[in-house]
Each structure stands twice: as structure tokens, then as C-alpha cells.
Amino acid sequence: MALLVQKYGGTSVANLERIQKVADRVAESRSKGNRLVVVVSAMSGVTDGLLRMARGLHAEPSEREMDLLLATGEQTTTALLAIALQGRGIAAVALTGAQAGIVTDGTHTKARIANVTPAAVQAHLRAGQVVIVAGFQGQTMQGQITTLGRGGSDLTAIALAAVLKADRCEIYTDVDGVYTADPRTEPEAAKIGEISYDEMLELASTGAKVMQARSVEFAKKFGVVFEVRSSFNRARGTLVKEEAKSMERVVVRGVSLEKNQAKVTLVGVADRPGVAAKLFSGIAKAGINVDMIVQNIALPAEGKKAQTDITFTVPRDELSKVRRYLEPFRRAGGARGILYKEGVAKLSVVGIGMRSHSGVAAQLFRALAAARVNIQMISTSEIKITVVVDEEAGPRAVRAAHREFRLGRRG
Ligand code: ADP
Ligand code: ASP
Ligand code: MG
């Protein structure tokens, strides 16, 4: 009897009708003789709704209480799915993250899984039950409820598949696989048959929210092969797995866009050892998540001490925290001035084939120039090129890159 871990995302359990549809699929899988662990998300929009409610009461709600609140979303769907299955005469049990043995560290709202104790899940499986587990949540050793960061139900599923040594791990969502670009905004996007962990990880970390980045990291570490597919149709999905030689033939696998970013430039910062260290240590301590960092070369004016400019990006909603930290830094003489720019986005092209192909960056820049997209910042890694562009130009930039690397259906 094969052991399957299936995960159903928010849209797949958005209402009772959809929950019944999920129950149909689970029942079908079960009737084929499989043992099943089913991870569910909250109904779509519920997590956002809970966040809004809390923020309506307090601008910066305490993270411990946020976790208690957010965890209720997944508890609802877990219980409802178990009840739906029981209504069909199928033995099923609903478990919270804690009951399923998901033990995390104490970093509320983005806790890391420390270990998974699968004894309870295994006992229920042995008893012939379908085990439904609340995604996105866990518990610390001290019994505090935690959540695993947005999209964290993916992580619950991958972690359970790893410890239970599941034969298959299936991530059911509202698109039928991983596409060469977000299929909701790029109509020419094409479904990818197989993708390597590294490519999936880069795409997920740069805006392709189809998988939570941390879950992909976990899958890579523990060698969990998983399939992303639709809960609304039967189409084959995308297999995410270790890279194979043949995958390198594709230079660019996909394009992603991360919106809601902001750019911060510190003008006239002293150009001497220790300045960046001090600046970014302080920013990190303030809990701000900095991404791309660029420092210009210093051109000292005669008789003056060398100064430089430093630019970095942050998620837009961290900008107020950044200002709060940087304004005193500036007033204390840390910088001559600071420019804040909202409304920027990061476009990335990703592919392991870039390792063995040169000229990809130049090709991307040419395509963006032809589409009249201005590039504000550039960063490259072995398998990724990222550029900062105006948010308004984002979709046009995606289209240009997508066409340039012939990723579309009409390739
Ligand atoms: P779930 O609730 O099932 O976890 P998510 O909303 O988290 O689903 O992720 C699915 C969404 O990811 C899709 O609706 C799609 O708009 C978006 N997405 C972004 N980039 C991609 C991509 N490259 N391939 C597929 N989907 C993508
Ligand atoms: N409900 C959580 C979220 O919206 C977790 C998830 O859906 O994976 O982020
Ligand atoms: Mg998701």
C-alpha cells in the first residue's frame, strides 16, 4: 500500500462545495488502496482576513497572539474535511500541527521546523484512518503555537512526506503546475514538466508564490520529490526533483516578478571599513529583511574624505521600519541624505543552464531595452539574474524576457 502525502491549498478548500470535491479526490485515492496523509490550508482569504482584523485593532500586533489567531484558519478546514470524509463512511481523523508532531523553534509567525515526531500520525495510519493535518502551524517544545510563514502549508506537507518516507507527495493548487511565468499575469506562460530544486527555489524566492521557498529548501535537503498539480482537473503537473543532466540544456527555465518592493539609497556614506557592517547590523537587528545591496565606487572630491552611496531593496511594507531606523542614523552623520522609492519590482530570470551559457545577462538587458524598460539595479548569481524595475513596467518586462528566451507556448 503506497503512502501518499497530499496538500490542498486555500482555493481548493475555499468553501464547503470545494471541500466536498477534495473529499471526493481523497476518497478516490483511498479506494485505490493508498494510505493518506492530507495537509490543508485555510480557506482562501481567511489568513488575510484574520491579519486585517488584528491590524485593525493594533498597528503591530504581538506575534505570539498572531500565531494563535492565524492557526485557527487551518484548524477549521482540517476538521471540516475530516467531517466530510466521515460523512461518507471513511475513517478520518483531524490533527492540529502540534498533534501531528510538528515541533518548531520559537520564532513566531515564521517559525522553523525543529523536528517532526510522527508517532501519532503513524498510529492513526495503522488504525486505517485518513489523517488530515492542519498546515502552516506547529508548536514549540514549550507548547506555544507557532506558524511557519506565509504559504507554510507547503512546508508541513513536505516535512511530513520526508519523515514518513512517503511514496508520493502531491501539492494540489489552483493552477495545474509550475509555469514559465505566473500564468495569471502572463497568458503565454507554459507548464514546466520537470524542474530542479534549485530552479524552483530561486523562482519561489523571487515571487513565484506557487510554492513556499522554505518548503522547497526542505525538500531539497531531504530529497523529497513532489508534484505540483491542480485540484480542479486531472492534468499531469510539474515534478520538482534533483537536477538531471538534461535539464541543463534549458538556459532559462522561468521568469518571476516580485512586486511591492521599495528602494532605499543612502547618499554620502563614509567610505571606510566598518561602515556597511554597522549599518546593516543595525538594520538586521531591527528585524528588517534587506535584499539586493549595491555600493557605488567612491570618487573623493579634493581635500574631502571619500564618500560612497549605498542602495538596497526591502519589501515595501518594511519601509516604515527602515525609516525609523535610518533617520536617526542620518541625523547622527551616518549619511548626507536618504532617498526612498516605492513602486519598484524585481524581475528575475532563472535557469541552471546559465551555468554553462554566457551572454544571458546581455540578452536580457537587450530585451528589456527594446521593451523600453529601465533597469535600476542588477544582481546576478550562478543561476539567476535579477533586475529592479518600476512596478508599473513589471508585466511588460516579464513579457519581454519570456519572449526573448522563448519560454511561451508559441515559443
Ligand atoms: P495555494 O493556496 O494552493 O497554496 P497559492 O496561491 O499559494 O496557492 O499559489 C498558487 C498561485 O501561484 C497561482 O494561482 C499563481 O497565480 C501563482 N504563481 C506565481 N508564479 C507562478 C508560476 N511560475 N507557476 C504557477 N503559478 C504561479
Ligand atoms: N494559510 C496560510 C497562508 O495563507 C498558509 C498556506 O496557505 O499555506 O499563508
Ligand atoms: Mg500557497
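Counting starts at 1 for both ligands and their atoms, in listed order. None of these values were measured; they are calculated from a predicted model. The first residue of the sequence shown is numbered 1, and numbering continues consecutively from there.
Applying the 4.0 Å criterion to heavy atoms of Phe136 picks out, from ligand 2, the atoms 2 (C), 5 (C). Atom numbering of ligand 1 starts at 1 in the shown order; those under 4.0 Å from a heavy atom of Val178 are 24 (N). Those atoms of ligand 1 that come under 4.0 Å of a heavy atom in Ala208, given as number and element, are 19 (C), 20 (N).
Here the protein heavy atom with the shortest distance to atom 24 (N) of ligand 1 is Tyr179 N, 2.9 Å. The protein heavy atom nearest to atom 4 (O) of ligand 2 is Arg150 NH2, 2.9 Å. At the top of the distance list for atom 25 (C) of ligand 1, counting protein heavy atoms only, stands Gly177 O, 3.4 Å. Here the protein heavy atom with the shortest distance to atom 27 (C) of ligand 1 is Val210 CB, 3.6 Å. The closest protein non-hydrogen atom to atom 4 (O) of ligand 1 is Lys7 NZ, 3.0 Å. Counting protein heavy atoms only, atom 8 (O) of ligand 1 is closest to Thr173 OG1, 3.1 Å.
On a distance-only criterion, Ser41 and ligand 1 share no N/O pair closer than 3.5 Å. Of the polar atoms of Asp182, at least one N or O is found under 3.5 Å from an N or O of ligand 1, judged by distance alone. On a distance-only criterion, Lys209 and ligand 1 share at least one N/O pair closer than 3.5 Å. Ligand 1 has an N or O atom lying under 3.5 Å from an N or O atom of Gly10, backbone or side chain. Considering backbone and side-chain atoms alike, Thr47 places an N or O below 3.5 Å from some N or O of ligand 2.
Under a 4.0 Å heavy-atom criterion, Pro183 is in contact with ligand 1. Under the 4.0 angstrom criterion for non-hydrogen atoms, Asp174 is in contact with ligand 1. Taking a 4.0 Å cut-off on heavy atoms, Glu74 registers as neighbouring ligand 2. At least one heavy atom of Ala181 sits closer than 4.0 Å to an atom of ligand 1.
Taking 4.0 Å as the cut-off between side-chain N and carboxylate O, Lys384 and Asp198 do not count as a salt-bridged pair. Taking the charged nitrogens against the carboxylate oxygens, Lys341 and Asp390 do have a contact shorter than 4.0 Å, which makes a salt bridge. Salt bridge status for Glu217 with Lys221: absent, with no side-chain N to carboxylate O gap under 4.0 Å.
Between Arg253 and the options Glu248, Glu194, Glu199, a salt bridge (Lys or Arg N to Asp or Glu O under 4.0 Å) holds for only Glu199.
There is a side-chain donor-acceptor pair under 3.5 Å between Glu404 and Gln363. For Thr104 and Thr146, the side-chain atoms include at least one donor-acceptor pair closer than 3.5 Å.
Residues forming a side chain to side chain donor-acceptor pair (under 3.5 Å) with Asp309 (at least two apart in sequence, or on another chain): none.
Looking only at distances, a side-chain donor or acceptor of Asp182 sits under 3.5 Å from a matching main-chain atom of Arg184.
Among residues at least two apart or in separate chains, salt bridge (charged side-chain N to carboxylate O under 4.0 Å, His left out) pairs with a member in residues 73-100 are Asp24-Arg88.
The side-chain tip of Arg229 does not point at the ring of Tyr172 from less than 6.0 angstrom away and within 45° of straight on.
Of the candidates Ser215, Ser41, Gly135, Gly151, Ser41 brings a heavy atom nearest to atom 7 (O) of ligand 2.
Between Phe226 and Glu170, every side-chain heavy-atom pair lies at or beyond the 4.5 Å cut-off.
The minimum heavy-atom distance between Arg236 and Lys191, with the atom names listed, is O-NZ, 2.5 Å.
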